[in-house]
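FYI, the numbering just counts along the sequence from 1.
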Amino acid sequence: MTPVSRLPRGPRQRLSEDERRKQIMVAAIQEVVDRGYEGASLTRIAERADVAKGLVWHYFAGKDDLMEATAKATMETLRERIVDVLDFDRPVPDIIRVALREAALQILTRRNELVALNRIVHNLRRPSGERVIADFYEETYLGQEELFRRGQAEGSLGDFDTRVMAVTYQGSIDTMLAYLEEHPDVEPRAYAAGLAEILLGGMQARS
């Protein structure tokens, strides 16, 4: 049997609760990448994180709780990486172009996180069977709506329903990332530039 790959070993040290939770979530990401959502197990996640399985249960109520926490933390981290490079003094169409480019480039530097995030978000369900995908995107939608309203106020974007556009915009990003994952020969910047012009063609104010 092929041994489960673990996180790099080093001198044991006492970690804070936040650091230990992060260590387990990093292991969960790799487990989902290697085994898929359904195939992921808490036993192997504990082995990857080099912790006792009971410690996973100490921090998380179960597999679904761990996966939800992992997805939310991953989405927040990816969003912050993109926001950190944006110049909000620029006109909104320029910000959108850069945001799409930076989102596309994540597939080169954060492929595992994106793969795991996509698998978790599209498989995680409530006990009732209801998918929880909308919960993950609400904060993202709100930030996008705020940006779109600013563009409308400055006159660079036209009059449209900002919630509808936020859902459409995020859906386009998700589709782009899924396509780039499946087609590594496609240049991310070129794809993002083309997508930006398509989206802005429907968003910009008419002269």
Side-chain angles (χ1 to χ4, degrees), residues 25 28-29 32-33 37 64 67-88 90-126 130-154 156-184 186-205:
M25 289 191 286
I29 288 172
V32 172
V33 169
Y37 182 86
D64 288 346
M67 293 300 171
E68 184 169 354
T70 300
K72 288 180 175 178
T74 302
M75 183 171 286
E76 177 63 23
T77 298
L78 293 173
R79 182 168 55 236
E80 288 177 353
R81 288 197 184 104
I82 294 171
V83 170
D84 284 348
V85 303
L86 299 179
D87 180 358
F88 287 97
R90 301 286 298 167
V92 169
D94 290 348
I95 296 173
I96 290 172
R97 290 185 180 96
V98 175
L100 288 170
R101 183 194 70 203
E102 293 301 317
L105 289 175
Q106 297 295 310
I107 200 68
L108 300 179
T109 58
R110 302 291 172 180
R111 178 178 291 270
N112 280 357
E113 288 96 326
L114 289 170
V115 170
L117 178 61
N118 181 63
R119 291 177 179 175
I120 294 171
V121 167
H122 289 89
N123 284 279
L124 190 62
R125 297 179 183 273
R126 297 294 184 210
E130 177 187 5
R131 294 173 66 189
V132 300
I133 186 169
D135 295 351
F136 292 102
Y137 285 114
E138 185 58 28
E139 187 174 349
T140 299
Y141 290 154
L142 291 174
Q144 291 163 347
E145 285 188 87
E146 182 180 354
L147 181 64
F148 297 155
R149 283 193 294 269
R150 182 189 139 188
Q152 290 172 333
E154 73 183 19
S156 63
L157 300 185
D159 183 20
F160 53 77
D161 185 312
T162 57
R163 172 50 63 116
V164 171
M165 188 58 73
V167 173
T168 302
Y169 178 82
Q170 186 59 46
S172 297
I173 293 175
D174 292 345
T175 300
M176 171 179 69
L177 293 173
Y179 185 83
L180 292 174
E181 177 194 342
E182 295 174 1
H183 299 83
V186 175
E187 211 293 308
R189 296 173 187 83
Y191 190 114
L195 177 60
E197 296 315 308
I198 291 171
L199 291 174
L200 288 170
M203 297 167 68
Q204 289 181 299

Here the gap from Leu86 atom CG to Arg81 atom CZ, rounded to the nearest 0.5 Å, amounts to 14.5 Å
Scanning both residues in full, the closest heavy-atom pair of Ala71 with Val121 reads CB-CG2, 4.4 Å
(Q) Counting only heavy atoms from other residues, nucleotides and ligands, does the tally under 6.0 Å from CZ of Arg90 exceed 12? (A) no
What one should report as the nearest heavy-atom pair of Gln144 and Ala166 is OE1-O, 3.3 Å
Side chain to side chain contact (heavy atoms under 4.5 Å, CB included) filter on Ala28, not counting sequence neighbours, yields Ile45, Leu66, Thr70
Could you check whether any side-chain N or O of Arg110 sits under 3.5 Å from a backbone N or O of Leu78, counting only pairs where one atom can act as donor and the other as acceptor?
no
| Counting N and O atoms only, with roles assigned by atom type, does the side chain of Glu154 sit under 3.5 Å from a partner on the main chain of Val92, one being a donor and the other an acceptor? | yes
Hits for side chain to side chain donor-acceptor pair (under 3.5 Å) against Tyr37, two or more places apart or cross-chain, chain-then-number order -> Asp64
- Task: May I ask you to check whether over 12 heavy atoms, not counting those of Arg79, lie within 6.0 Å of atom CZ?
- Result: yes
Tightest non-hydrogen contact, residues Ala99 and Tyr169, listed as CB-OH, 3.8 Å
Note to self: Within the 4.5 Å heavy-atom criterion, are Phe160 and Thr168 side-chain neighbours or not?
What the structure shows: no
### Task
Check the pair Thr140 / Gln170 against side-chain contact (heavy atoms from CB on, under 4.5 Å), numbers first and verdict last.
CA-CA 8 Å; Thr140 299; Gln170 186 59 46; 3.3 Å; yes
Value for CG (Leu199) from OG (Ser172), rounded to nearest 0.5 Å, stands at 4.5 Å
Which of Thr74, Thr77, Asn118 passes side chain to side chain contact (heavy atoms under 4.5 Å, CB included) with Glu113? It is Thr74
* Asked: Does a side-chain N-to-carboxylate-O contact under 4.0 Å join Glu68 and Lys72?
  -> yes
What do you reckon, is CG of Asp87 surrounded by more than 12 foreign heavy atoms closer than 6.0 Å?
yes
task: Would you indicate whether the side-chain heavy atoms of Met165 and Leu157 approach each other to under 4.5 Å?
output: no
Test side chain to side chain contact (heavy atoms under 4.5 Å, CB included), reference Pro93, set Gln204, Met203, Glu197, output is Gln204
So CG of Leu117 and NE2 of His122: to nearest 0.5 Å the spacing works out to 9.0 Å
Interatomic distance, CZ@Phe148 vs CD1@Ile95, rounded to 0.5 Å, equals 11.0 Å
Of all heavy-atom pairs linking Met67 and Ile120, the shortest is O-CG2, 3.4 Å
inquiry  = Quick check against the 3.5 Å criterion: does Arg163 have a side-chain atom that pairs as donor or acceptor with the backbone of Glu145?
reply    = no
In this structure, CZ of Arg189 is separated from CG of Leu100 (nearest 0.5 Å) by 14.0 Å
Heavy-atom nearest pair, Met176 first then Ala103, reads CE-CB, 4.2 Å
* Asked: Is any side-chain heavy atom of Arg150 closer than 4.5 Å to a side-chain heavy atom of Phe88?
  -> yes
- Query: Side chain of Gln152, backbone of Gly158: donor and acceptor closer than 3.5 Å?
  - Reply: yes
Note: Leu177 and Ile107 closest approach over all heavy atoms is O-CD1, 3.9 Å
One should read off an interatomic distance between Leu147 CG and Thr162 OG1, to the nearest 0.5 angstrom, of 10.5 Å
